[in-house]
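Since the structure comes first, as structure tokens, the remarks are kept for the end.
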2 protein chains.
Amino acid sequence: MAANFEQRREPGRRATLKEVAAEVGVSPATVSNAYNRPDQLSSGLRERVLEVARRLGYPGPDPTARSLRRGRSGVIGVLYADRLSYAFEDPAAVLFLRGISEAAEEAGLQLLLVTGSLRDESDVEAVGKAAVDGFVVYSMPEDDPSVHAVIERRVPTVLVDQPEGMGTPLVGIDDRGAARAAAEHLVSLGHRRIGVVSFELAREPVGGLVGADRQSAATFLASGQRLRGYAEALDPAGIPWERVPVYECAENVLEEGKAAAGVLLAPDDRPTAILATSDLLAFGVTEAAEEMGLAVPGDLSVVGFDDVPEAARANPPLTTVHQPHMEKGLKAGRLLVSGLRGEDPPRTEILPTRLVVRGSTAPPKTDA
Amino acid sequence: MAANFEQRREPGRRATLKEVAAEVGVSPATVSNAYNRPDQLSSGLRERVLEVARRLGYPGPDPTARSLRRGRSGVIGVLYADRLSYAFEDPAAVLFLRGISEAAEEAGLQLLLVTGSLRDESDVEAVGKAAVDGFVVYSMPEDDPSVHAVIERRVPTVLVDQPEGMGTPLVGIDDRGAARAAAEHLVSLGHRRIGVVSFELAREPVGGLVGADRQSAATFLASGQRLRGYAEALDPAGIPWERVPVYECAENVLEEGKAAAGVLLAPDDRPTAILATSDLLAFGVTEAAEEMGLAVPGDLSVVGFDDVPEAARANPPLTTVHQPHMEKGLKAGRLLVSGLRGEDPPRTEILPTRLVVRGSTAPPKTDA
DNA sequence: CTGAAAGCGCTTACAG
DNA sequence: CTGAAAGCGCTTACAG
């Protein structure tokens, strides 16, 4: 390919604004004006400049140089943990990014995807390398060095699903309350033996059953808070949280949910219900259950979290906590835009959630 | 927000590399080396530099300045028509971008989303403003000024689902052949009255029934080729293409498919089958049919194109043309990366498709 | 309506 | 192991 691109270039390299200016016989300022301030020069001269630019193969002012000079890039960065492709894998993330991209478009900004350092220390660099005017930080562990790096950059930033306290606008939901409602639903159906499947609790996730220590050390706000919410519903119902098995998945993907179910559903006194901190994990649990010959909800009730579009279409339709992913993205994006404009947006926006009861939950078969 | 960010800044602005250098008492080159070439200075000095940087709130070398100086940004741009959020709306696009993002990650590059000028002339600027090292151009109309702008930039570029001939690597499928297979399937089932629902044929889509002129003027490669493929199957079967109603949707969304079905299914001699150029449109057709009291496939057979994940889960499961969206993205991304490295990647990669027959097609009820 | 000058913040040979 | 110098490509007051 190099060969081809070289071929199409003027010997060696592209024309610059200065060269166009020289060819036309005007100053660089005038060429710059031809592109950026058409009213600053006669339309005849402007035509001449543009014509020469065309002839020389000058594609217009270099965006990087322009950004450096102007002090802004017209790009907003979205930082999230995990692989870059996660933005296109988790349906909840897809919706969230759809919202952000709408806000970006409204403001005429471009969108840069940046990944954090969940798995690889070296990824911290990504934040430093991102030429953006501001960041939306999406559901990162609070101790992630990338988050710190963003704050260090001192650019407008909006945190999403993160703890408060960095003096930065925040968009989120009441994870704890929503989780409590999910657990209360199971309790009210009569379930007493309940298992929990969670996505990552912190960087370097464990992948297996985890005890109280690990749980209370959770740095992923969403998982930590959701576990607390579950506990707040189960403890008062006489289901001691210490005896509730909690499986931490290494990643928020269906396969991990299956693996978790494999462990949780193995013992003789298997749970009659499982609380999953995401729909993706819940789908995995359901799949595993069916492969084990357990009917959902007949033998096992499953509750998810997120209400991704697939939840309603699943078989059985998934009982889950609805949260407005797209609106979250839209709000976060607009807050960032407003920050970029130098306005002072609201500190914190907590969006509403609601439990959506569908076909994946029912009273337990035997009240053993 | 401004207020807050200002507060956290050193009075007025961030520290620069030069200021760190001055404070430490070394040259800017040494500070630069502390970040970029740790082996070029004693670890003691490096520590000192980093410590001062921390104290001064210097977040490391400015990415824009670094890009300008180095001549590369570490970012690849993905250009597509439509709104920015389209990347997170069409499941086929989501899969495609997942593939690209994997390739980007492999190479340690970041991903910038850039939209073309399908609906708004002013969007051409987006390409000029994008500080990227190369572009993947995804399914744009061949006459789109943005595509031209990309070529003008003279940076490594990979075209996807576009016509050949710009001297640039290309990734695509055999749209015509795949569409032919879809139409042949309906013919072999015995259908004689067939309608077609297509997404945009060109910029400024029509939104309504379109004749031969508009069809042959299609600048969206995929739609033009797919219509040709349909024609190639129907004509020889004694179903004259001129009499096949073709509805052009204004956008590739479910709602437009419904609107199209509303028109196509209205007449007395309504079609017994509909060919849609995307699954999204096919879903709309199915939905409209059901609302009209027509059973799929009993009263109406529907064939899609894309085989998005939802196609298999739909009710009834959708007969459609499978194409490897994610692989397309991965291939395109890797070709671009290889171009960025100065290698000479293969010119053209045509990926395989196959017709997947599911429950949305059946023989027509009456062979009227 | 046009130009000369300064400078955005950095990196890279090169010389020592 | 460290520094002086040049320059990446542009835009913006400012002066005329």
Side-chain angles (χ1 to χ4, degrees), chain A residues 10 12-49 52-53 56-74 125 128-133 153-155, chain B residues 10 12-49 52-53 56-74 125 128-133 153-155:
Chain A
E10 308 305 310
R13 45 174 208 59
R14 249 155 294 173
T16 66
L17 182 145
K18 212 193 269 185
E19 289 165 10
V20 174
E23 179 76 12
V24 179
V26 295
S27 78
T30 298
V31 177
S32 175
N33 283 336
Y35 285 95
N36 300 311
R37 308 174 163 189
D39 53 307
Q40 295 292 299
L41 69 177
S42 69
S43 68
L45 178 55
R46 176 155 191 266
E47 273 316 307
R48 209 143 56 80
V49 168
V52 169
L56 261 45
Y58 176 66
D62 178 272
T64 302
R66 166 185 262 163
S67 293
L68 177 59
R69 180 57 235 233
R70 287 188 169 165
R72 59 199 147 75
S73 63
E125 299 171 20
K129 284 182 183 159
V132 300
D133 296 334
R153 283 278 292 268
R154 290 181 171 71
V155 292
Chain B
E10 307 306 310
R13 43 175 210 58
R14 249 155 292 173
T16 66
L17 182 145
K18 212 192 268 184
E19 290 165 9
V20 174
E23 179 76 11
V24 179
V26 295
S27 77
T30 298
V31 177
S32 174
N33 283 336
Y35 285 94
N36 301 310
R37 308 175 163 187
D39 52 307
Q40 295 292 300
L41 68 177
S42 70
S43 68
L45 179 54
R46 177 155 191 267
E47 274 316 307
R48 211 142 54 82
V49 168
V52 169
L56 261 45
Y58 176 66
D62 178 90
T64 302
R66 166 186 262 162
S67 292
L68 177 59
R69 179 57 233 231
R70 286 189 169 162
R72 59 199 148 74
S73 63
E125 299 171 19
K129 284 181 182 159
V132 300
D133 296 335
R153 283 278 294 269
R154 288 182 172 71
V155 293

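Lettering follows sequence order; numbering is per chain, from 1. The basis for the numbers below is simple: all heavy atoms, side chains too, and nothing from hydrogens, waters or symmetry mates.
Considering only side-chain N and O atoms, Arg66(B) lies under 4.0 angstrom from the phosphate OP1 or OP2 of dT11(C). For Arg69(B), no side-chain nitrogen or oxygen approaches OP1 or OP2 of dC8(C) to under 4.0 Å. The shortest distance between the side-chain N/O atoms of Thr30(A) and the OP1/OP2 oxygens of dG3(C) is below 4.0 Å. Contact annotation: Tyr35(A) side-chain N/O to dG9(D) OP1/OP2 distance is not under 4.0 Å. Close to dC8(D), at under 4.0 Å from its OP1 or OP2, lies no side-chain N or O of Arg70(B).
Each of Gly25(B) and Arg72(A) was matched to the nucleotide of DNA chain D holding its nearest heavy atom; the match closer to the 5' end belongs to Gly25(B). Of the two residues near DNA chain D, Val26(B) and Pro28(A), the one whose nearest nucleotide lies more 5' is Val26(B).
Checking side-chain atoms of Glu47(A) against main-chain N and O of Gly44(A) turns up no donor-acceptor pair under 3.5 Å.
Taking atom NZ of Lys18(B) as the reference point, atom C1' of dA5(D) lies 13 Å away to the nearest angstrom.
Considering only the side chain of Ser42(A), dC1(C) comes nearest among dT2(D), dC10(C), dC1(C). Among dG3(C), dG3(D), dT12(D), the nucleotide with an atom closest to any side-chain atom of Ser27(A) is dG3(C). Among the nucleotides dG9(D), dT2(D), dT2(C), the one closest to the side chain of Ala65(A) is dG9(D). Here the nucleotide nearest the side chain of Asp62(A), chosen from dC10(D), dT12(C), dG9(C), is dC10(D). Proximity note for Asn33(B) (side chain, C-beta onward) versus dG9(D), dT2(C), dT12(C): the nearest is dT12(C).
Annotation: side chain of Val31(A) is not in contact with side chain of Pro28(A) (no heavy-atom distance under 4.5 Å). Counting heavy atoms from C-beta outward, Val155(A) and Arg72(A) have side chains that stay 4.5 Å or more apart.
Heavy atoms of Arg37(B) sit under 4.0 angstrom from primed sugar atoms or phosphate atoms, though from no base atom.
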Margin query: Just to be sure I follow the notation: if a pair is Watson-Crick (purine N1 to pyrimidine N3 plus N6-O4 or O6-N4) or a G-U wobble (N1-O2 and O6-N3), each under 3.5 Å, what dot-bracket string does DNA chain C give, with | for pairs to another strand?
Written below: |||.||||||||.|||
